[in-house]
Amino acid sequence: MRDRESQFESMYRLLCDHMAEGFCILEMLFDDAGNPRDGILREVNRAYEVQTGRVQALGRRISELAPELQDAWVQAFGGVARTGEPARFEQRAATPGKWYEVHAFRWGAPEQRLVGVLFNDVTQRKLDELMAQSVLEYAIIVLDPEGLVRSWNAGAQRIKGYTREEILGRPLSVFYTPEDIAADRPAQVLALAAQSGRFDEEGWRVRRDGSRFWASVSVAPLHDADGKLQGFVKVTRDLSERRRTDEALHAEIQERVRAQEELRALNNRLEAEVAGRTADLTRANADLVEAKERLRELSSRLIRAQEQERGRIARDFHDGTGQFLTLLRMRLAELSRDVGEARVQPSTELVKQVIDHTRQLGLILRPIALDDLGLDAALEAMVEQQASLAGWSGTYEGGIGDRRFADEVETACFRIAQEALTNAARYAGASKISVSLAIEGDQLVLQVADDGRGFDVERYRAPEVRSSHFGLVSMEERAALLGARLAIDSAPGQGTRVTAHFPLRGS
Ligand SMILES: Nc1ncnc2c1ncn2[C@@H]1O[C@H](COP(=O)(O)OP(=O)(O)OP(=O)(O)O)[C@@H](O)[C@H]1O
Ligand SMILES: [Mg+2]
């Protein structure tokens with residue numbers, strides 16, 4: 001008997017020491033009221049030391065070895081010792097920081113108050129589980145090889161709406177749309193994942209309440225060490241929000257594109273309108289230029305006609321009226337021989353005055369000298385004549401000799417000098433007026449200057465003033481018709497200088 005017992009004990013030892021599970025026997029201690037107080041380690045196996053890292057634990061108390069667990073473990077093990085009801089639980093021990101799956105049962109006779117404890121380090125599994133439970137963004141589901149749900153995390157519950165109890169054991173197809181189910185999609189997905197080691201897609205999936213969501217799905221097969229298919233892990237993300245944002249973005253882009261197109265169309269219409277208006281304007285401008293050209297042509301023709309008419313009248317005065325008057329004076333001289341000087345003298349005087357007047361008129365109209373002798377002689381004669389008539393001192397400085405120019409240049413030059421001289425004589429109150437004519441480079445330069453009171457030239461540029469004072473306007477007009485530059489420099493109290501530059505190219 002003794003032999004058998006010791007044989008049994010050595011077998012038990014052997015078994016204990018070769019078990020992968022940790023094993024210990026605790027003697028539970030109770031207080032007077034019968035409440036569990038502590039436990040003393042009476043037996044430990046090798047795995048106990050390996051799993052807990054505690055050596056020489058034999059004879060020590062729970063309160064020493066794991067003070068933080070004293071309450072939980074002492075209560076649990078005390079209960080087992082007292083009632084004989086085995087207990088199973090999972091618990092984390094802060095020292096050595098591991099999760100244990102614990103199985104406690106009564107050992108020996110009740111009065112011995114011994115409890116046998118089998119335990120296993122399940123830290124890895126526990127952490128995996130905790131991770132799967134706490135990840136809310138992803139539905140992490142483990143399927144068996146047949147596609148039935150075997151594990152379900154908190155994320156899966158959040159995204160798909162089923163509780164763990166509701167879904168465990170149900171097939172993968174519950175997450176698919178009727179169309180996908182009809183097309184045998186769930187089985188295809190698992191087959192594809194098993195075949196290629198992984199399967200990813202985006203698509204519509206169905207929640208518990210029947211609503212659909214846009215999901216990103218990854219399925220990977222799980223193989224054991226022998227490469228045998230053990231199931232699948234499936235990770236699903238709800239992309240509805242992203243899809244909604246994408247769609248909103250897409251809609252916004254489309255809206256912008258549409259707005260841009262509208263803008264472009266508007267722009268095109270505007271451009272067409274502007275082009276139309278520009279064409280109108282160009283036409284109107286061309287009309288204006290043409291009208292201006294016609295006016296200039298007309299003005300030039302008018303001036304020419306006027307000059308011709310004046311010249312004709314001047315010649316008429318000179319050749320006709322002048323000759324007749326000369327004849328009349330000769331007749332009066334003859335008559336004075338018959339009737340006496342005294343009787344004819346008043347008539348002779350009158351005729352002399354008429355002759356002077358006619359000559360002056362002729363000069364104003366168009367000096368014969370301009371046509372016959374040229375600009376230099378005509379200007380000199382005019383200055384002399386006007387000065388002697390009006391009583392101011394006039395000088396003429398000519399620098400062109402008997403050189404001749406185009407008829408319209410000579411005429412314009414003479415007329416501008418005539419008007420400037422007349423104005424100076426009329427308004428300046430000048431004591432001295434000087435006229436000069438010179439060639440500078442390829443320009444004929446006329447200058448009429450007085451030392452009189454001067455005037456505000458700008459005042460006479462206003463249209464309402466110009467309509468009753470033609471002198472300055474016509475000077476400018478004549479110059480412009482020949483492409484000449486006319487400058488009137490004057491200021492009150494400063495005298496006046498009129499300068500004209502005539503281009504001589506081709507004259
Ligand atoms: N040399 C000058 N000195 C002072 N004032 C002048 C002189 N030249 C012109 N003016 C002033 O400029 C005004 C305009 O001259 P403009 O020759 O255009 O007209 P007008 O002589 O008044 O009339 P029109 O020449 O048509 O007979 C004159 O009325 C005069 O007041
Ligand atoms: Mg004038």
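Just so it is clear, the structure is predicted and the values come from calculations on it, not from any experiment. When a ligand or atom number is given, it counts from 1 through the structure's own listing order.
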Lys NZ or Arg CZ of R164 over W152 ring: under 6.0 Å, within 45° | no
Test: R283 and D287 ion pair at under 4.0 Å = no
So, for F455 and Y460, is the gap between ring centers shorter than 6.0 Å?
-> yes
With side chains defined as the heavy atoms from C-beta onward, is the minimum distance between I159 and R205 less than 4.5 Å?
-> no
Carboxylate-amine/guanidinium contact E458 R461, below 4.0 Å | yes
Atoms named by residue and atom, protein N, O or S, within reach of the Mg ion (ligand 2) (under 2.8 Å) = E419 OE2, N423 OD1
Contacts for ligand 1, heavy atom under 4.0 Å, by chain and number, are E419, N423, A424, R426, Y427, A428, D450, G454, F455, Y460, H469, F470, G471, L472, T496
Is it true that E273 and R269 have a side-chain N and a carboxylate O under 4.0 angstrom from each other?
-> no
Any chance the side chains of Q345 and S336 put a donor and an acceptor closer than 3.5 Å?
-> no
Kindly confirm or rule out a cation-pi arrangement of R359 over F317, judged by NZ or CZ under 6.0 Å from the six-membered ring centre and within 45° of its axis?
-> no
So, R207 and D238, do they make that salt bridge, N to O below 4.0 Å?
-> yes
